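Accompanying notes for the structure given below.
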Protein chains: 2
Amino acid sequence: MLSIDMTDALTSSPGPALADDASRLRLAVMRFSRRLRAERAVDTMSDGQIAVLGWLRVKGAHTLGELAERERVSAPSMNRIVNCLEESGYVTRTPDGKDRRKVNIALSDAGRDVITETARLRDVWLESVLSEFTPTERAALAEAESLLSRIAER
Amino acid sequence: MLSIDMTDALTSSPGPALADDASRLRLAVMRFSRRLRAERAVDTMSDGQIAVLGWLRVKGAHTLGELAERERVSAPSMNRIVNCLEESGYVTRTPDGKDRRKVNIALSDAGRDVITETARLRDVWLESVLSEFTPTERAALAEAESLLSRIAER
DNA sequence: TATTGTTATACTCTATAACTATA
DNA sequence: TATAGTTATAGAGTATAACAATA
């Protein structure tokens, strides 16, 4: 039977070490996301709503299907998120001129304001934690952010 | 040493850069966790169940309250998770000898088998992604795993 | 007929409040 | 009275299936 050394770091060799690294990374990310969720009780926007507004702010208008694919949720789930945002006046729906089946979803002025402020509020806790880290550790987390995003897009 | 894109990097100065880093890290982790969730359709165990079995395997028996605190969920939520695991025969409940209010939850033999196999299945995808990364990138992710765990424990 | 978006419905996970048993 | 665990209930988020409009 295999005995796996839990102290192993990531190595360039394949096998048990790699499987263990994958497992540890998965568990760490899941715990982290739950911890982050525990900090969001102060505001009223869901993870999905904030992710969509943040994405629209950076990348501009997208169709519902594009947003669903981007956030890795089903079309009905994304529709529900967009409905909430529209009711709040944070996004607008505009039928596409060329393909009238499509609907372009864009950030309103109110949406732009609220994503800036809400994201700030949600980040207060994480920011305070990061401020206590060393520059080296923060650089490592910046690197990780990039790598995690790359993995998530696969 | 790590190669870091300075337009994205965490810097040692406080202020907007730090807030932006926190925001980006948060969004990346949330997307990653959703992506990971999408890979679990093949099996029937929830994130919480897997996290608990994995923790019990490494750390041995714990009370319900300890597990709830560890996983950052409420006691009723953890109770529900443990109920499912007990019905499946993967954990056992044993009243504590010294304080009869407490209940020790321990991995059964079947639980030990299933966590080993299930974790392996769930890690197949992530492992295949990691195998295509460079040793430097994988070292960065190992470092991130440690840092994310530290943050989650705050 | 295929695709985009939407609605209807049900399921999972989570939390708060209330309850039981023990300290 | 306080604490550990459990039960009852409700809310948020998600998915699949079915439907409508357009290509």
Side-chain angles (χ1 to χ4, degrees), chain A residues 30-53 56 61-88 91-106 118 122, chain B residues 30-31 33-53 61-88 91-106 122 152:
Chain A
M30 297 313 264
R31 271 200 303 275
F32 183 91
S33 67
R34 281 195 296 276
R35 181 67 185 84
L36 217 41
R37 179 181 300 137
E39 286 299 317
R40 101 190 146 81
V42 289
D43 62 68
T44 58
M45 307 195 73
S46 72
D47 295 334
Q49 286 177 51
I50 290 179
V52 168
L53 290 185
L56 290 178
H62 282 72
T63 67
L64 187 117
E66 287 166 348
L67 289 176
E69 186 179 10
R70 168 67 194 177
E71 294 303 320
R72 302 249 171 208
V73 297
S74 66
S77 292
M78 181 52 67
N79 190 55
R80 189 176 190 275
I81 291 171
V82 170
N83 283 345
C84 291
L85 291 173
E86 192 182 25
E87 284 171 18
S88 302
V91 301
T92 57
R93 274 188 166 96
T94 311
D96 189 284
K98 296 176 179 175
D99 184 342
R100 292 167 63 87
R101 292 174 304 183
K102 295 185 179 177
V103 176
N104 288 117
I105 293 141
T118 302
R122 290 196 55 155
Chain B
M30 295 313 254
R31 271 199 304 275
S33 68
R34 281 196 296 275
R35 180 66 184 85
L36 217 41
R37 179 183 304 138
E39 285 301 317
R40 101 191 147 78
V42 290
D43 62 67
T44 59
M45 308 195 72
S46 71
D47 295 334
Q49 287 176 51
I50 291 178
V52 168
L53 290 184
H62 281 72
T63 66
L64 188 119
E66 287 167 348
L67 289 176
E69 186 179 11
R70 168 68 192 175
E71 293 303 321
R72 302 247 171 209
V73 297
S74 65
S77 292
M78 182 51 67
N79 189 56
R80 189 180 188 275
I81 291 171
V82 170
N83 282 345
C84 291
L85 292 172
E86 192 182 23
E87 284 171 19
S88 302
V91 300
T92 57
R93 273 187 167 96
T94 311
D96 189 282
K98 296 176 180 176
D99 184 342
R100 293 167 61 87
R101 292 173 305 181
K102 294 184 178 179
V103 177
N104 287 117
I105 294 143
R122 289 196 55 155

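Just so you know, these numbers come straight off a predicted model, no measurement behind them. Convention: sequence-line order gives letters A, B, ...; per-chain numbering from 1.
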Whole Å only: how far is the [atom1] atom of [X] from the [atom2] atom of [N]?
| X | N | atom1 | atom2 | result |
| --- | --- | --- | --- | --- |
| A:E71 | D:dT14 | CD | C1' | 14 Å |
| B:N83 | D:dT6 | CG | P | 7 Å |
| A:L67 | C:dT4 | CG | C1' | 13 Å |
| A:L64 | C:dT7 | CG | C1' | 13 Å |
| B:Q49 | C:dC13 | CD | P | 7 Å |
| B:I81 | C:dA15 | CD1 | P | 9 Å |
| B:M78 | D:dT7 | CE | P | 16 Å |
| A:R80 | C:dA10 | CZ | P | 16 Å |

Atom of [X], atom of [Y] and distance for their closest heavy-atom approach:
| X | Y | value |
| --- | --- | --- |
| A:L56 | A:I105 | CD2-O, 3.5 Å |
| B:L64 | B:R93 | CD1-NH2, 4.2 Å |
| B:A61 | B:A106 | CB-CB, 3.9 Å |

Stepwise side-chain contact (heavy atoms from CB on, under 4.5 Å) check, B:R70 with B:V52: CA-CA 9 Å; B:R70 168 68 192 175; B:V52 168; over 6 Å; no
Before you tell me yes or no, could you show the steps for B:K98 and B:D96 under salt bridge (Lys or Arg N to Asp or Glu O under 4.0 Å), namely the whole-Å CA-CA distance, both residues' side-chain angles and the distance that decides it to 0.1 Å? CA-CA 6 Å; B:K98 296 176 180 176; B:D96 189 282; over 6 Å; no
Nearest-0.5 Å distance that lies between atom [atom1] in [X] and atom [atom2] in [Y]:
| X | Y | atom1 | atom2 | result |
| --- | --- | --- | --- | --- |
| B:M78 | B:H62 | CE | NE2 | 11.0 Å |
| A:Q49 | A:R80 | CD | CZ | 9.0 Å |
| B:I50 | B:I81 | CD1 | CD1 | 11.0 Å |
| A:L67 | A:N104 | CG | CG | 10.0 Å |

Residues in residues 92-99 of chain A with a heavy atom under 4.0 Å of DNA chain D, by number, are A:K98, A:D99
Would you work out how much the helix from C:dT1-D:dA23 to C:dA23-D:dT1 bends between its ends, with each end axis defined by five base pairs, to 10 degrees? 10°
Expected rows: protein N/O vs nucleotides 16-21 of chain D N/O, under 3.5 Å:
none

Given side chains that start at C-beta, do those of B:L53 and B:M45 come closer than 4.5 Å, heavy atoms only? yes
Using side-chain heavy atoms (C-beta onward) and a distance below 4.5 Å, is A:T63 in contact with A:V103? no
Contact under 4.0 Å: B:N79 side-chain N or O vs D:dT6 OP1/OP2: yes
